Protein chains: 2
Amino acid sequence: MPDQTKERIVDAAYRTLVKRGYHETGMKDIAAEAGVAPGLAHYYFETKEDLLVAAIEHGCQPLMRAWEAAGVSLSGPMPEDADPMMFARMGFELAKEELKSYGGLFLLTFDMFGVGLHNPKIASAVRIFIEERRAFVARITQAVIVGMAEPPLASAGAFAAAIWGSLHGIYLQKVMDPEFDAEAAIDALSEMTIAFATRPRRTSGTEG
Amino acid sequence: MPDQTKERIVDAAYRTLVKRGYHETGMKDIAAEAGVAPGLAHYYFETKEDLLVAAIEHGCQPLMRAWEAAGVSLSGPMPEDADPMMFARMGFELAKEELKSYGGLFLLTFDMFGVGLHNPKIASAVRIFIEERRAFVARITQAVIVGMAEPPLASAGAFAAAIWGSLHGIYLQKVMDPEFDAEAAIDALSEMTIAFATRPRRTSGTEG
DNA sequence: ACAAATTGTTTGGTCATTCAATCAAAGCCA
DNA sequence: TGGCTTTGATTGAATGACCAAACAATTTGT
């Protein structure tokens with residue numbers, strides 16, 4: 001049962017890392033949680049960093065599956081026939097749901113961001129992680145822009161960076177303070193972006 | 001020269017922590033950078049955590065001074081006479097400048113966020129840090145909302161959380177990837193918020 | 001003298017990683 | 001079927017290094 005064992009270790013790593021954090025968790029803790037000898041974790045994963053990356057990928061799987069069940073995929077193209085505004089609205093709704101169901105994953109992700117600040121291997125994983133999600137938002141944003149009556153000045157990529165960034169910042173505030181009303185913040189972001197995307201064509205006035 | 005020594009240690013801590021990160025920096029490294037014996041750091045700061053908090057406060061001072069020179073203070077009230085929209089525009093411009101001048105401070109701040117995820121003392125400092133800045137954005141936002149022709153649905157606090165969050169998220173993307181065009185992202189955020197704040201009164205249509 | 005400042009070592013513990021040894025399973029040959 | 005071997009899986013202890021914090025001793029300033 002080699003694959004099963006590896007899976008057990010990754011799952012134990014996910015749970016332990018979420019609960020205690022990267023720097024506060026030892027390989028021994030993870031091995032113990034998996035019910036396995038300390039050395040075995042290093043048999044499957046050369047370094048603790050590798051195990052962190054594997055644990056996050058493991059933790060992302062349910063979320064990815066939920067998205068694909070909703071008809072979107074992180075890396076795939078936008079469906080041609082659908083209304084892009086509907087995707088945008090749905091995206092914000094999904095963001096609110098995720099916060100309720102995947103709090104542990106966000107915690108671990110933020111931990112990874114912190115580690116990545118001074119760890120090249122993790123930094124590389126973080127850049128890929130961010131780029132994937134930003135590109136996903138950019139695809140929706142691009143489709144929305146195409147349908148705008150009054151086209152914006154900034155690029156789809158720039159809006160995507162601002163919107164993904166806002167969601168990230170809102171998640172952070174929620175993780176650091178459970179009292180924080182993240183749903184209201186996402187609603188505000190949603191209200192602002194949708195109003196902007198659906199604003200009427202400018203009929204008069206000066207350029208700027 | 002007791003106060004001067006303490007200052008030297010805090011400054012050395014700031015530089016070392018920015019360069020190497022919290023978990024990768026030892027008290028000995030900081031003491032060595034300050035040109036002081038290892039024990040002295042603990043004479044002035046009981047724990048490494050305290051030193052991290054002090055280092056960040058120390059690093060924030062120049063930024064605070066720059067703000068107050070521009071006529072705004074983090075904790076003070078909004079000037080009554082000024083145009084709130086002008087403050088908003090200026091805030092986004094200042095945000096772009098900060099990224100160029102205070103990259104190290106952002107790096108250390110994000111490091112603190114990461115540590116705070118599983119460290120109660122640092123977590124408390126992080127919550128205060130976020131709350132201060134969010135409240136600052138909220139004051140500007142509130143003043144802007146008062147002057148809006150078409151008032152928004154969400155509260156000033158919710159918009160502030162979304163806007164501060166977006167700036168934070170943009171900074172993160174910049175810190176993790178120097179190629180990232182943070183100015184364009186802030187411009188996009190600025191375009192969106194200002195268009196939203198200055199949208200005309202709705203003359204017809206259904207409620208939503 | 002007295003207190004504060006400063007030193008440099010010791011303490012007590014942690015942890016990632018390595019390693020030699022054991023165990024289990026699967027093939028191979030008679 | 002039964003012994004033999006090889007390979008991979010698994011163990012648990014050892015290695016080697018690091019570090020925050022405590023402490024006793026020394027210096028400095030008043």
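Just so we're clear, the structure is a prediction, and the values are computed from it rather than from any experiment. Letters A, B, ... mirror the listed sequences (proteins, then strands); counts begin at 1.
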If I take atom [atom1] in residue [X] and atom [atom2] in nucleotide [N], what distance separates them, rounded to the nearest angstrom?
X	N	atom1	atom2	result
A:Glu24	D:dA20	CD	P	13 Å
B:Tyr22	D:dC19	OH	C1'	12 Å
A:Tyr43	D:dG8	OH	P	7 Å
A:Leu17	C:dC15	CG	C1'	15 Å
B:Glu46	D:dC23	CD	P	12 Å
A:Glu7	D:dA9	CD	P	16 Å
A:Arg8	D:dA9	CZ	C1'	13 Å
A:Arg20	C:dT14	CZ	P	11 Å

Quiz item: Ion pair present between B:Arg134 and B:Glu131, side-chain N to carboxylate O less than 4.0 angstrom?
Solution: yes

Exercise. Using a strict 4.0 Å threshold on nitrogen-to-oxygen distance, state whether B:Glu68 and B:Arg65 make a salt bridge.
Key: no

I want to verify a distance call: between [options], whose nearest atom is closest to the [X] side chain?
X	options	answer
B:Pro38	C:dT9, D:dA21, D:dG12	C:dT9
B:His42	D:dA20, C:dT17, D:dG12	D:dA20
B:Lys48	C:dA16, D:dA21, D:dT11	D:dA21
B:Met27	D:dT11, D:dA21, C:dT17	D:dA21

Self-check item: Position toward the 5' end of DNA chain D (nearest nucleotide), A:Gly35 or A:Lys28
Solution: A:Gly35

Exercise. Using a cut-off of strictly less than 4.0 Å, decide whether B:Thr5 has a side-chain nitrogen or oxygen near OP1 or OP2 of C:dT6.
Key: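 For C:dT6, OP1 or OP2 has a side-chain N or O of B:Thr5 closer than 4.0 Å.
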
Quiz item: Quick one: is C:dT6 close enough that its OP1 or OP2 comes under 4.0 Å of any side-chain N or O from B:Tyr44?
Solution: yes

Exercise. Measure the angle between the two terminal helix axes of the helix from C:dA1-D:dT30 to C:dA30-D:dT1, five base pairs each, and quote it to 10°.
Key: 10°

Practice problem: May I ask you to say what B:Gly39 touches in the nucleic acid, namely base, sugar-phosphate or nothing, with a heavy-atom cut-off under 4.0 Å? | Solution: base

Exercise. Could you tell me which residues satisfy ring pair (Phe, Tyr, Trp, His ring centres under 6.0 Å) with B:Phe180, sequence neighbours excluded, listed by chain and number?
Key: none

Quiz item: Does NZ or CZ of A:Lys6 lie under 6.0 Å from the centre of the six-membered ring of A:Phe45, at an angle within 45° of the ring axis?
Solution: yes

Quiz item: Quick one: are B:Lys48 and B:Tyr22 in side-chain contact, heavy atoms under 4.5 Å?
Solution: yes

Quiz item: Which one of B:Thr47, B:Val53, B:Leu52 satisfies the side chain to side chain contact (heavy atoms under 4.5 Å, CB included) criterion with B:Asp50?
Solution: B:Thr47

Quiz item: Which residue pairs pass the ring pair (Phe, Tyr, Trp, His ring centres under 6.0 Å) test with at least one member in residues 59-96 of chain A, sequence neighbours excluded?
Solution: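 Those involving residues 59-96 of chain A are A:Trp67-A:Phe136.
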
